[in-house]
Amino acid sequence: MEKSYDALIVGAGPVGCVVAEQLAKKKGWSCLIIDKRDHIAGNCYDRYHESGVLIHQYGPHYFRSNKKELIDYLSQFTDWIPGNYEVKSSTRGELFPFPINLLTLGQFFGRTFTAEEAQEHLDNIRIPNDDPQNSEEFVLSRVGKELYEAFYLGYTLKQWEMHPRDLNKSVCGRIPIRFNEDIRYVDHEYQLTPKEGFTEMFGKMIDHELIDVQLNTSFEEVRDKIKPNAATLYTGPIDAYFGFQYGKLPWRSLDITFTEFKEAYKQPCVQINYPNDHAYTRSVEIKHVTGQQSDNTVISYEVPTWDGDPYYPVPADDNAALFKKYWKLADEENKANKVYFSGRLARYTYINTDEAIEMALETAQQMMNDAE
Ligand code: UDP
């Protein structure tokens, strides 16, 4: 007879791991985590490449958060190293600091800027709009046409195969515009990378006697066989759970090629963006972030595609409307069968790892409260 579990957890990514850890530790529930892939950690999965270099298999994860409680929680499972998240953009034949800051503006316009001078300059070139409705209007209202076309338009077309005017403003809004010389990619207070990598961290998190993991197992294989005593957490794509009955939600994926070089470093920083050249959007040398010492290095090149595993939901109004229809079904399924939907794929939301972990902690709490 199959062993019975209190909770079935579909997906061994950040959300599945956090929820299992919480349910096992706080509630004493036995948990079975399944994943169709042959590893845990979802898209945070990192591994050693044949060259011995630690790589991020599904694209770079620059962990950051503004919440000390979240760092404290994760510190149970990992030590940290500082996050060295520096990005440059290759445009007009030069490498510019990116996001746009005073140094970028100086290099672009061939003069120096104080913060006030930069404000004044952008005020002259931006296209005023108090209420931008999409990513194009958002960027134009901040930096004007020339910078938009140099840094954003081509990258966004390549990344999404959609025009920025058809994407929510939150997409390009992810990128700050700075009136200082801060060259870091993100603004968050805590910018830290797990010292031994993400896979190690999530592995430690679920290393518990009440948690079993079954890899190479899809939800379809178990959905009629494994009936948990208390609840199910589903972290896969929501449209797949419901048999695509309202049609498919679009998911953007990445085709990533890893190339080894026999030198310690190839690039000046972890990431170079190519808004206007190449089929790939960016080249990533994750060694700059992992801090690994090695005579070799590996660069990954990301080509966006509509095929392959879902990486990004596509933030646009019609997709949000379609998701809403699925979410109604999810709500009914939750009430009828105690199935919980959480994470980037199940909620069709473009969140970062820290936000996914916060969402997972909330979902776990909800599952525990509902079981009282
Ligand atoms: N973006 C851009 N130019 C860049 C980098 C980003 O126009 O050089 C836009 C693009 O639309 C992208 C979005 O900003 O999808 C968010 O970028 P981010 O680097 O946060 O994307 P992620 O790392 O999540 O792929």
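Start at 1 and go down the list; that is how both ligands and their atoms are numbered. Values reported hereafter were calculated over all heavy atoms of this structure, with side chains retained and with hydrogens, waters and symmetry mates removed.
- For ligand 1, the 4.0 Å heavy-atom shell takes in F98, F151, Y152, Y155, T156, Q159, W160, V171, C172, R174, I175, Y185, N273, R282, Y312, Y350, ordered by chain and residue number.
- Listed by first then second residue, pairs satisfying salt bridge (charged side-chain N to carboxylate O under 4.0 Å, His left out) with a partner in residues 29-38 read R37-D309, not counting sequence neighbours.
- Contact detail for R252 and K158: the closest heavy-atom pair is NH2-O, 3.3 Å.
- F261 has its ring centre no less than 6.0 Å from the ring centre of Y265.
- Counting only residues at least two apart or in different chains, ring-ring contact (aromatic ring centres under 6.0 Å, His included) contacts with residues 210-238 comprise F219-Y234, F219-Y241, Y234-Y241, Y234-F341.
- Remark: Y274 pairs with H278, Y280 by the ring pair (Phe, Tyr, Trp, His ring centres under 6.0 Å) rule, at least two apart or across chains.
- Ring centroids of H288 and Y185 are separated by 6.0 Å or more, keeping the two rings apart.
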